[in-house]
Amino acid sequence: MPRHYDSPQGDPELGDESARDLEILGNHICRWWGDVPEVFHEIISEYVHIDLHIVPAQPERPYHVIVTTGMSDRPMIGSDGKPHYCELLFALPPEWPVRKEDFGDERFWWPYRHLKQTARFPHVFKTCLWYGHTVSNGDLPQPYHETVPYCGGILSIPVLSPKEAWSIHVREGKEVFFFSFLPLFEAELKFAWEKGSEALFEELDRIELSELIQTGRKCAV
């Protein structure tokens with residue numbers, strides 16, 4: 001079962017580490033996913049400054065890739081007591097709007113919004129998000145938007161990306177991993193809570209689910 005979070009426990013002030021590794025991470029994104037003509041910067045930030053790097057679709061890669069930076073500014077302390085660092089990503093169909101002027105429409109903004117919220121989540125509640133961890137949209141899962149059935153997500157491997165893109169060594173003691181954020185149906189979310197993430201991944205693999213968000217896909221369980 002998921003852990004319930006009642007109130008923020010982290011430090012809402014941005015530390016000196018904010019954006020310290022932005023250039024390194026930005027170069028990594030450009031190397032493995034493509035040029036980023038525009039970064040969607042946060043104007044007001046708490047806990048960590050989350051930016052969205054938007055890599056437009058190309059003929060050889062017919063989908064947009066959206067990657068966060070800032071989640072890895074601060075360490076997440078895992079159950080092993082060691083610091084962990086990661087960033088999140090997903091892909092969107094080529095027809096999905098990626099211009100700032102379209103972000104005022106929640107039909108298009110919801111995946112970006114929840115990617116940012118998920119990236120900030122571990123720092124707000126002083127926890128750790130890692131491969132196989134799920135995030136619910138509320139204690140009683142609610143759809144991200146009335147036009148989609150998804151009400152939570154799970155961190156997975158970005159299978160459409162080369163393995164070399166999955167992590168980068170920033171410096172001694174800091175390896176940043178890149179996980180895909182897969183939106184889930186309520187039934188899939190509860191399946192993971194009851195039977196474990198690996199059991200859910202088996203079902204998601206069966207339908208060949210990747211980091212490319214498909215608003216019309218069927219539930220895997």
When rounded to the nearest 0.5 Å, the distance separating CE of Met76 from NZ of Lys82 is 15.0 Å

Any side-chain heavy atom of Arg171 within less than 4.5 Å of one from Asp21?
yes

Parallel, tilted or perpendicular, judged at 30° and 60°: which one describes the rings of Phe125 and Phe121?
tilted

Side chain to side chain donor-acceptor pair (under 3.5 Å) involving Arg20 - partner list, sequence neighbours excluded:
none

Counting distance only, does the side-chain N/O of Glu211 pair as donor-acceptor with the main-chain N or O of Leu182 below 3.5 Å?
no

Shortest non-hydrogen contact from Thr68 toward Ala119
CG2-CB, 4.4 Å

State, with a plain yes or no, whether a side-chain heavy atom of Phe90 is found less than 4.5 Å away from one of Pro158.
no

What pair of heavy atoms forms the shortest contact from Pro62 to Ala57, and how long is it?
C-CB, 4.1 Å

Can you check whether Phe191 and Phe185 have ring centres sitting under 6.0 Å from each other?
no

Tyr63 six-ring centre to Arg61 NZ/CZ under 6.0 Å and within 45° of normal
yes

Is the shortest side-chain heavy-atom distance between Ser167 and Val176 below 4.5 Å?
no

Considering all heavy atoms of both residues, which atom of Ser210 and which atom of Val159 are nearest to each other, and what is their separation?
CB-CG2, 3.7 Å

Give a yes-or-no answer on whether the side chains of Trp32 and Ser161 include a donor-acceptor pair shorter than 3.5 Å.
no

Heavy atoms from other residues, nucleotides or ligands near CD of Glu208 exceed 12 (cutoff 6.0 Å)
no

Out of curiosity, Ser136 OG to Leu184 CG, how far, rounded to the nearest 0.5 Å?
10.0 Å

Dump the intermediate steps for side chain to side chain contact (heavy atoms under 4.5 Å, CB included) on Leu212 and Leu160, then the final yes or no.
CA-CA 8 Å; Leu212 178 58; Leu160 297 179; 4.1 Å; yes

Taking only residues two or more places apart in sequence, or in another chain, which ones meet Phe179 in a ring pair (Phe, Tyr, Trp, His ring centres under 6.0 Å)?
Trp130

Quick check against the 3.5 Å criterion: does Asn137 have a side-chain atom that pairs as donor or acceptor with the backbone of Gln142?
yes

In chain order, what residues pass the ring pair (Phe, Tyr, Trp, His ring centres under 6.0 Å) check against Trp166, with sequence neighbours excluded?
none

Does atom CD (Glu101) have a neighbourhood of more than 12 heavy atoms from anything else shown, all under 6.0 Å?
yes

Glu106 side chain to His145 backbone, donor-acceptor under 3.5 Å:
no

Show, in sequence, the C-alpha distance, side-chain angles and deciding distance for Arg217 and Leu209, and conclude whether the side chain to side chain contact (heavy atoms under 4.5 Å, CB included) test is met.
CA-CA 9 Å; Arg217 77 171 178 87; Leu209 189 67; 3.5 Å; yes

From CA spacing to verdict: side chain to side chain contact (heavy atoms under 4.5 Å, CB included), Tyr47, Asp73:
CA-CA 10 Å; Tyr47 302 94; Asp73 280 351; over 6 Å; no

Return the CD1 to CG distance between Ile66 and Leu115, rounded to the nearest 0.5 Å.
8.5 Å

For a quick check under 3.5 Å, do Asp51 and His49 share a side-chain donor-acceptor pair by atom type?
yes

Are side-chain heavy atoms of Phe103 and Phe40 found at a separation under 4.5 Å?
yes

Please give me the minimum heavy-atom distance between Leu129 and Cys86, naming the atom from each residue.
O-SG, 3.9 Å

Mind listing the closest non-hydrogen atom pair of Pro122 and Met71 along with its distance?
CG-CE, 3.8 Å

Is Leu189 reachable from Tyr131 through a run of I, L, V, M, F, W or Y residues, each pair having side-chain heavy atoms under 4.5 Å apart?
yes

Using the rule that two of Ile, Leu, Val, Met, Phe, Trp, Tyr join whenever any of their side-chain heavy atoms come within less than 4.5 Å, decide whether Ile213 and Ile207 are in one cluster.
yes

Report whether Val36 and Ile24 are members of the same hydrophobic cluster (ILVMFWY, side-chain heavy atoms less than 4.5 Å apart, transitive linking).
yes

Flag for Glu175-His169: side-chain donor and acceptor within less than 3.5 Å:
yes

Are Pro83 and Tyr85 close enough that some pair of their side-chain heavy atoms sits under 4.5 Å apart?
yes

Heavy-atom count around Glu172 CD within 6.0 Å, excluding the residue itself: above 12?
no

His53 and Thr69: CA distance, side-chain angles, deciding distance, side-chain hydrogen bond (donor to acceptor under 3.5 Å, both in side chains) verdict
CA-CA 8 Å; His53 296 246; Thr69 57; 2.9 Å; yes

Ignoring hydrogens and geometry, is there a side-chain-to-backbone donor-acceptor pair from His84 to Pro75 under 3.5 Å?
no

Does a side-chain heavy-atom distance below 4.5 Å link Cys219 with Glu188?
yes

Residues Arg107 and Asp105 bridged, charged N to O under 4.0 Å
yes

Roughly how far apart are Trp33 CH2 and Gln58 CD, rounded to 0.5 Å?
15.5 Å

Should the pair Glu46-Arg120 be classified as a salt bridge under the 4.0 Å nitrogen-to-oxygen rule?
no

With a cut-off of 6.0 Å (strictly less than), are more than 12 heavy atoms of other residues, nucleotides or ligands near NZ of Lys218?
no

Co-membership, hydrophobic cluster, residues Phe177 and Leu22, 4.5 Å side-chain
no

Validation row: Phe108, Trp96 side chains within 4.5 angstrom (heavy atoms)
yes

Is any side-chain heavy atom of Phe181 closer than 4.5 Å to a side-chain heavy atom of Ile154?
no

Interatomic distance, Leu88 atom CG to Ser180 atom OG [nearest 0.5 angstrom]
9.0 Å

Nearest 0.5 Å, what's the CZ-CG distance between Phe178 and Leu155?
13.0 Å

Check the angle between the aromatic planes of Tyr144 and Trp110 and answer parallel, tilted or perpendicular using the 30° and 60° thresholds.
parallel

Side-chain ion pair, Glu186 and Lys190, N-O less than 4.0 Å:
yes

Under a 4.0 Å threshold between the charged nitrogen and the carboxylate oxygen, would Glu42 count as salt-bridged to Arg113?
no

At their closest point, which heavy atom of Lys116 faces which heavy atom of Ile50, and how far apart are they?
NZ-O, 3.3 Å

Should Val148 and Val221 be regarded as members of a common hydrophobic cluster, given that ILVMFWY residues are connected when their side-chain heavy atoms come within less than 4.5 Å of each other, either directly or indirectly?
yes

